[in-house]
Structures are given as C-alpha cells and as structure tokens.
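Taking it in order: structure first as structure tokens, then the write-up.
One is the number of the first residue; the rest follow in order along the sequence.
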Amino acid sequence: MSDKIVIKVPYNAFLERAALCVQPFGDGHINDSFLVETEDGEYVCQRIRKAMDVSCLEHNYLLYAEACEKANWPYPKWMKTQDGKLLYKDQAGDHWRTYPLIKGQILSSPLSKEELYACGQGLSGMHVILQTLPRKPKPVYPMLHDLKHYYERYLRMIRDGACFDDQRDYEVERFLHENIEVFTCRDGGRKAVIHGDPKLGNIVFQDGKVKAFIDLDTIMEGSLLEDLADCVRSCCLTDGRLDQKAVQILLDGYLSVADHMLTEEELRKLPDVIRKICFELGLRYYTDSIAHKKSFKEKYPGYLLGKAKGYFEKV
C-alpha cells in the first residue's frame, strides 16, 4: 500500500497508538475497509459511503449494541473519537468509524456439514437477539429486497439514458422482462427485525461455531424468510450451484435454536424465496453493470455482469 493511501485513513481520530501497518481489508461491496495494526491490537477503520444516512446508522447502532450486550453476543463495537463522537468526518466530507477486529475466520463455500449447521444456529440466534431491540430500527436501505423498486430503477435508467447502451446484454434483459411478474408476486411472509445481509462473508466463525455477524448496517424490519433465504443462497453452494442437502442442514441448524421463528407454511415457501433473492441480486448487479453511476464496486471489467449471470443461473 502506498503512503498516500495510509495517510487518507484517519485512524488517529480514534486511536492513540501509531499504526504499524494499514492495509485494505475484507471484500465489501459498499464501504471501504482498512485493517489498522497497532501495538495494542488490530482495528477495522471504515469509510462510509456518502449516500448512507449516518443518523440512521448511529440510531441503529445504539439499539443493536444494547441488545447484543445484554445477550453477551459479540458485535462490531464502534470506538469513539478523541472528542467523544461515534463517527469522524474528514475534510473530504466522508464519515469514518473504527472498531476492534472481531477475531475469527471468514469461511468460503463449500462448507462442511458442521459449519452449515452452525450457520443456521448462528442466524437463528441473531434473529432472536434482534427481536429484543428496545426501539424500532430506522432502515438505512429502506428498499432492501423490494424487487419492484429495483426493476423500476432499471427501467428508469434505460429510459433516461443513464446507462452504457453498448454494454447492455439483451438476452439478460429478455430474461428479466419474462420473469419479473412471477418473482414480484412471491410473498416473503411476516415481518420482524432482520440482519438484512447475512451472507457468508459477514459471518465470523470460531472453533466451528458462529461467533458474530458483522456489517450490521442493513438491520431493519423485513422478512425473516427472506433473510434466511439470503443466508442460504450464500452458504449452500457447491460448484456455484445451490446444494439442496446443504440447504436442509442449514435449516435444521436454524430450527434447532428457534423453531418458533418461522411457520410451516413459510418454510414451504423457502425454495421459491431463495430463487426470488437470486433473481433480485441478478437484477441489481446487471443494472449496475450498465449504469453510469454504480452502487457496487466493479472489481475488474465484466465483474458485475458476471455476478448477474451467475445469480440468474440459480433461479
């Protein structure tokens, strides 16, 4: 990493010790994260995307911090700046936060049977804790999993010329038009407080168990079934495809902790809701792949289009 990048990470707004090393960290699609190593330990310093409502972030943080503390459940514990604030605003207008690194492992699929079962247990435990928030969270992403919203955004972008026409894939677009009504009509069931993005990259393991969920910015009221489906589509892959045996093992783990969270009728809808989540993600990645202004990071040319097609193959 160059000195220029190190200087731009304002870790000294939170930490008294000098950094021994600063380097990019994680594989997030939205915020920029850096691992800061000091003599006292390791910390994650994140630059928050400007479009995010930091007042909602702080409101939600105080809620889930209280619930997680009562449950003795590890979570990203924001540090205060030298002047007592949870967030630091730099000269460019970017907000930053810092928290001690939660030690553990971030796993990749395919997972073992034990790891899949642990994923289900961990998500169910997280869901139980989230229902104890002292007040309602304020959604940072109010349209999360709103398939109609994403489709209308895609159509509006095409209509307004806010995309690169030479990068459009008309076979993909035909697939979108032919299937949007089917997936829009699929019901995610009753609402509760959810994580919002319980993918494998946001799950920290230790000694074969789920130690914590990170990236809690997406906490909001939403569909428990869709949250479970989102976890399944990320954790239950074998050679890039959903493994139905893996899905059942993760589901068994989920129900072993809190079988009251979902009804039998909702569970019967799970396969269809998993496909809906994959369709939604495919739509979001495709829209970004041709957009002038992107929400996700284009890690290399063709990355976003490749992600979109990969999700559509799972539908």
Side-chain angles (χ1 to χ4, degrees), residues 27-32 47-54 56 93-94 138-188 191 194 196-199 201 215 217-218 220-223 225-227 229-230 232-234 237 240-242 269 271-315:
D27 192 32
H29 295 295
I30 306 297
N31 300 319
D32 295 313
R47 179 169 56 188
I48 297 170
R49 185 182 168 202
K50 284 185 176 179
M52 296 175 72
D53 187 329
V54 294
C56 290
D94 290 317
K138 297 179 180 179
V140 176
Y141 301 100
M143 299 302 178
L144 188 70
H145 296 320
D146 186 337
L147 185 53
K148 183 178 180 181
H149 163 76
Y150 292 123
Y151 187 66
E152 289 177 348
R153 172 175 171 258
Y154 153 73
L155 292 177
R156 186 168 56 252
M157 188 187 70
I158 298 293
R159 183 193 65 215
D160 296 344
C163 66
F164 297 100
D165 284 333
D166 61 343
Q167 295 181 18
R168 292 173 64 183
D169 187 313
Y170 292 99
E171 183 177 346
V172 166
E173 294 188 14
R174 183 168 56 253
F175 177 82
L176 286 173
H177 298 320
E178 290 175 351
N179 289 277
I180 184 62
E181 288 189 15
V182 172
F183 289 106
T184 302
C185 293
R186 290 186 177 172
D187 179 26
K191 305 300 181 184
I194 62 171
D197 191 19
K199 63 185 179 184
D215 194 2
D217 295 340
T218 46
M220 61 181 290
E221 288 188 306
S223 164
L225 188 60
E226 288 182 351
D227 218 36
D230 202 12
V232 165
R233 66 90 196 164
S234 176
L237 298 177
R241 296 190 175 277
L242 281 173
K269 296 179 180 178
D272 284 341
V273 175
I274 293 171
R275 287 190 282 271
K276 176 186 177 182
I277 293 293
C278 290
F279 183 85
E280 173 202 314
L281 287 168
L283 169 58
R284 291 173 64 188
Y285 275 107
Y286 177 70
T287 301
D288 253 27
S289 75
I290 63 174
H292 292 164
K293 185 177 181 181
K294 303 183 186 301
S295 298
F296 297 127
K297 298 173 183 176
E298 182 79 282
K299 298 182 179 180
Y300 50 82
Y303 170 78
L304 294 174
L305 179 60
K307 290 284 288 186
K309 290 183 174 180
Y311 280 118
F312 288 141
E313 289 175 358
K314 298 178 180 64
V315 171

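Rounded to the nearest 0.5 Å, atoms CE (Met143) and NZ (Lys148) are 10.5 Å apart. Atom CZ of Arg241 is separated from atom CD of Glu313 by 5.5 Å, given to the nearest 0.5 angstrom. Put simply, NZ on Lys276 and CG on Asp230 are 12.0 Å apart, with the number rounded to the nearest 0.5 Å. Atom CZ of Arg174 and atom CG of Asp169 lie 9.0 Å apart (nearest 0.5 Å). Between Lys314 atom NZ and Arg275 atom CZ the span is 13.5 Å, to the nearest 0.5 Å. Here Leu283 contributes atom CG and Tyr150 contributes atom OH; the two are 9.0 Å apart, rounded to the nearest 0.5 Å.
Residues meeting the side-chain contact (heavy atoms from CB on, under 4.5 Å) test with Asp94, sequence neighbours left out: Arg47, Lys50, Asp90, Ala92, Trp96. A search for side-chain contact (heavy atoms from CB on, under 4.5 Å) contacts involving Ile158 returns Tyr154, Cys163, Arg168, Glu173, Ile290, not counting sequence neighbours.
Under the 4.5 Å side-chain criterion, counting only non-hydrogen atoms from C-beta, Thr218 is not in contact with Ile194. A 4.5 Å side-chain heavy-atom check between Ile274 and Leu242 finds at least one atom pair inside the cut-off. Considering only heavy atoms from C-beta on, Phe183 comes within 4.5 Å of Val315 through its side chain.
Residues Cys56 and Pro139 share a closest heavy-atom pair of SG-O, 4.3 Å. For Gly196 against Leu144, the heavy-atom pair with the smallest separation is O-CD2, 3.4 Å. Scanning both residues, Gly282 and Ala308, for their nearest heavy atoms gives O-CB, 3.4 Å. Residues Phe296 and Leu304 approach most closely at CB-CD2, 3.8 Å, considering heavy atoms. When every heavy atom of Leu225 is checked against every heavy atom of Val273, the shortest pair comes out as CD2-CG2, 3.7 Å. Scanning both residues, Lys191 and Ser223, for their nearest heavy atoms gives CD-N, 4.0 Å.
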Leu176 and Phe279: CA distance, side-chain angles, deciding distance, side-chain contact (heavy atoms from CB on, under 4.5 Å) verdict | CA-CA 8 Å; Leu176 286 173; Phe279 183 85; 3.8 Å; yes
Ile277 vs Glu226, side-chain contact (heavy atoms from CB on, under 4.5 Å): CA-CA, chis, key distance, verdict | CA-CA 7 Å; Ile277 293 293; Glu226 288 182 351; 4.2 Å; yes
Going through the checks in order, is the side-chain contact (heavy atoms from CB on, under 4.5 Å) test met by Arg159 and Arg156?
-> CA-CA 5 Å; Arg159 183 193 65 215; Arg156 186 168 56 252; 3.1 Å; yes
Check against side-chain contact (heavy atoms from CB on, under 4.5 Å), Leu305 and Tyr286 = CA-CA 6 Å; Leu305 179 60; Tyr286 177 70; 3.8 Å; yes
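For residues 282-292, the salt bridge (Lys or Arg N to Asp or Glu O under 4.0 Å) pairs, not counting sequence neighbours, are Arg153-Asp288, Glu280-Arg284.
In this pair, Tyr151 and His177 present their aromatic rings perpendicular. The plane angle is above 60°, beyond the 30 to 60° band.
In terms of modelled atom types and a separation under 3.5 Å, the side chain of Asn31 and the main chain of Arg49 share a donor-acceptor contact. Not one N or O on the side chain of Glu298 forms a donor-acceptor pair closer than 3.5 Å with the backbone of Ser289.
Cation-pi contact between Lys309 and Phe312: absent, since separation from the ring centre below 6.0 Å together with deviation from the ring axis within 45° is not met.
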